[in-house]
Visitor: 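Handing you this structure, nothing more for now.
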Amino acid sequence: MALIVAGVSHATAPIEVREKLVLRPQEAVTELARLRDAGLTREGVVLSTCNRTEIYAVDNGRELLPEITALLSDRLGADVSALMYVRRDRDAAVHLFEVAAGLDSMILGEAQIQWQVRDAWEQCRAESGSILNRLFQSALLAGSRAREETGIGRGAASVSSAAVQLAKKIFGGLAGRRAMILGAGDVAELALECLLGEGVRVAIVANRTYERAHVLAERHAATAMHYDQCWASLRDVDVMICSTASPVHVVTVDRVRASVEARGDRPLCILDIALPRDVDAAVGDLGNVFLYDLDDLRAAASANLEQRGEDIPAAKAIIAEESGRLWDWVAGLAAVPVVREFREEMERVRSTELAAALRRLGPLSPAQAEAVEHFSKSLMNKFLHEPSVRLKAAAANGRGLGVVDAARYLFALEKQGRHDPHGAGADQGISEDTTDIV
């Protein structure tokens, strides 16, 4: 058994790549099921957000990375390996913990990533299991502790707030301005709250489903519109923030050209914080339209890093503590069945050899036979004690769980025929009666 995460993020791939690699929930479950049916994985979870697409998996003792690389390369239409990162075992766990805490985000300490991690886990529960359930639960705990016990999440740390701050810099302030939000989800609502907090005078919420736009607009005293109605309103707004879940461009040149031309020389700031992107890049070529996407928020992210960077060491200390607890659990889970098999096999050998020795010794009194039996058991236990202790400790020492497989090989445990080498049982180091952590 080995834990692996492989994927791309804002740190390794531009938005043009990331938007092609987005895996929606049903796609993620389908791909994970395919990997499992191929005998490559025992568990899997896909985390796909605006800044990353990552596949977390417990492999089945077979080489999984080439298949993950092929999966992402097929979606990209080109070889993705140069843009990917791979983490294994303890490093994979630490990576998820840092992601959940917002330490690996473009906006350091952002809060949205924590519920995105939770949603990804919940959406993939059909393909996750004991190891990944515990991993994601522990990562969410570590992320919560990092935000509660350090200043890593102080203030409004989010892509939405960074977008609003960028618009504020462009206009020198947003008080009295007019804004439109395209979308009605959580990210869109946060952007709306940030805009209103900066003094935006009139706000419009436009969505493909009018009822959702109406609920959000009513909650914040804004105006609701359907997509079909909103384009003419671009004549009057100063800022448009786009955050829909559409797989294709929503804002196209044909939809906005007339309204943009009717604005004269008044600038329109469009902030596209969706992935895949909502706005056709050609819209940015229209006169007095200033189009920014997620990767353009890096300047705001840099300022955020300066403000919160002092809290990184404390947050990482929490992550180290929580990841250590997780890995102790994983190590025990993997080592205990092997230690049990090791002892069972040695007991079988002891019993066989003792029976042969007693036959050679000839008749013995009950006391003598008992003494020989006691001697053989005592000698075996002394021989096995140190290897058993060291096997459990070595599995948790940060070098991965390869030592468990080494023990199986050295003592020929894989030849006993008690386990399916590609199954979900103890052959992979995981007890079948492990309780799911929910």
Side-chain angles (χ1 to χ4, degrees), residues 1-6 35-44 55-69 86-95 129-132 134-135 323-324 326-357 376-434:
M1 187 285 291
L3 175 64
I4 184 175
V5 56
L35 293 175
R36 172 178 46 79
D37 291 344
L40 295 170
T41 64
R42 294 183 48 209
E43 305 179 30
I55 298 176
Y56 293 81
V58 176
D59 74 26
N60 221 1
R62 299 168 62 186
E63 187 54 48
L64 176 61
L65 183 57
E67 189 65 25
I68 294 177
T69 304
V86 181
R87 308 281 187 274
R88 298 180 186 274
D89 296 339
R90 185 190 290 266
D91 289 341
V94 170
H95 176 77
S130 301
I131 300 296
L132 292 187
R134 183 65 174 254
L135 171 67
S323 63
L326 169 73
W327 210 248
D328 286 346
W329 177 83
V330 171
L333 205 63
V336 167
V338 177
V339 170
R340 184 177 62 246
E341 289 182 44
F342 177 37
R343 287 181 168 273
E344 287 174 352
E345 177 61 13
M346 294 307 102
E347 172 61 21
R348 184 188 67 79
V349 172
R350 184 198 68 81
S351 297
T352 301
E353 293 302 317
L354 176 63
S376 66
K377 286 184 176 180
S378 177
L379 186 61
M380 185 191 74
N381 287 333
K382 288 185 182 297
F383 277 135
L384 295 186
H385 173 72
E386 193 65 23
S388 299
V389 171
R390 286 176 176 262
L391 182 60
K392 293 178 183 178
N397 70 359
R399 294 177 296 172
L401 301 179
V403 67
V404 173
D405 290 330
R408 286 187 177 281
Y409 175 77
L410 288 173
F411 294 99
L413 299 180
E414 78 277 8
K415 297 180 180 179
Q416 302 310 309
R418 289 191 292 270
H419 303 283
D420 176 2
H422 299 300
D427 182 68
Q428 300 301 320
I430 305 300
S431 172
E432 291 195 25
D433 61 358
T434 302

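FYI, the numbering just counts along the sequence from 1.
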Visitor: For L384, what residues pass the side chain to side chain contact (heavy atoms under 4.5 Å, CB included) criterion, not counting sequence neighbours?
Guide: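 Only F342, R343, M346, M380, S388 meet the side chain to side chain contact (heavy atoms under 4.5 Å, CB included) criterion with L384.
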Visitor: Roughly how far, to the nearest 0.5 Å, is CD1 of I68 from CG of L40?
Guide: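 Atom-to-atom, L40:CG and I68:CD1 are 9.0 Å apart.
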Visitor: Ignoring hydrogens, what is the shortest heavy-atom contact between A57 and L132? Give both atom names and the distance.
Guide: CA-CD1, 4.3 Å
Visitor: Taking the side chain as C-beta and beyond, is there a heavy-atom pair between E67 and I55 under 4.5 Å?
Guide: no
Visitor: If I take atom NE2 from residue H95 and atom OG from residue S323, how far apart are they, to the nearest 0.5 angstrom?
Guide: 13.5 Å
Visitor: Output the distance between atom CD1 (I131) and atom CD (E43), rounded to the nearest 0.5 Å.
Guide: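 Those atoms lie 6.0 Å apart.
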Visitor: Evaluate E344 against R340 for side chain to side chain contact (heavy atoms under 4.5 Å, CB included), listing each step before the verdict.
Guide: CA-CA 6 Å; E344 287 174 352; R340 184 177 62 246; 3.5 Å; yes
Visitor: Is there a side-chain contact between L135 and W327, using heavy atoms and a 4.5 Å cut-off?
Guide: no
Visitor: What residues form a salt bridge (charged side-chain N to carboxylate O under 4.0 Å, His left out) with E347, not counting sequence neighbours?
Guide: R350
Visitor: For the residue pair L326 and A93, what are the closest heavy atoms and their distance?
Guide: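 Taking every non-hydrogen atom into account, CD2-CB, 3.8 Å.
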Visitor: So do the side chains of N60 and T41 get within less than 4.5 Å of each other, counting heavy atoms only?
Guide: no
Visitor: What is the distance from atom CD of E353 to atom CZ of R348, rounded to the nearest 0.5 Å?
Guide: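 If we round to the nearest 0.5 Å, E353:CD and R348:CZ are 9.5 Å apart.
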Visitor: Could you pull out the closest heavy-atom pair between L354 and S376, with the gap in Å?
Guide: CD2-OG, 4.0 Å
Visitor: To the nearest 0.5 Å, how far apart are CZ in R87 and CD1 in I4?
Guide: 11.0 Å
Visitor: Quick one: side chain to side chain contact (heavy atoms under 4.5 Å, CB included) partners of E386, sequence neighbours excluded?
Guide: R390
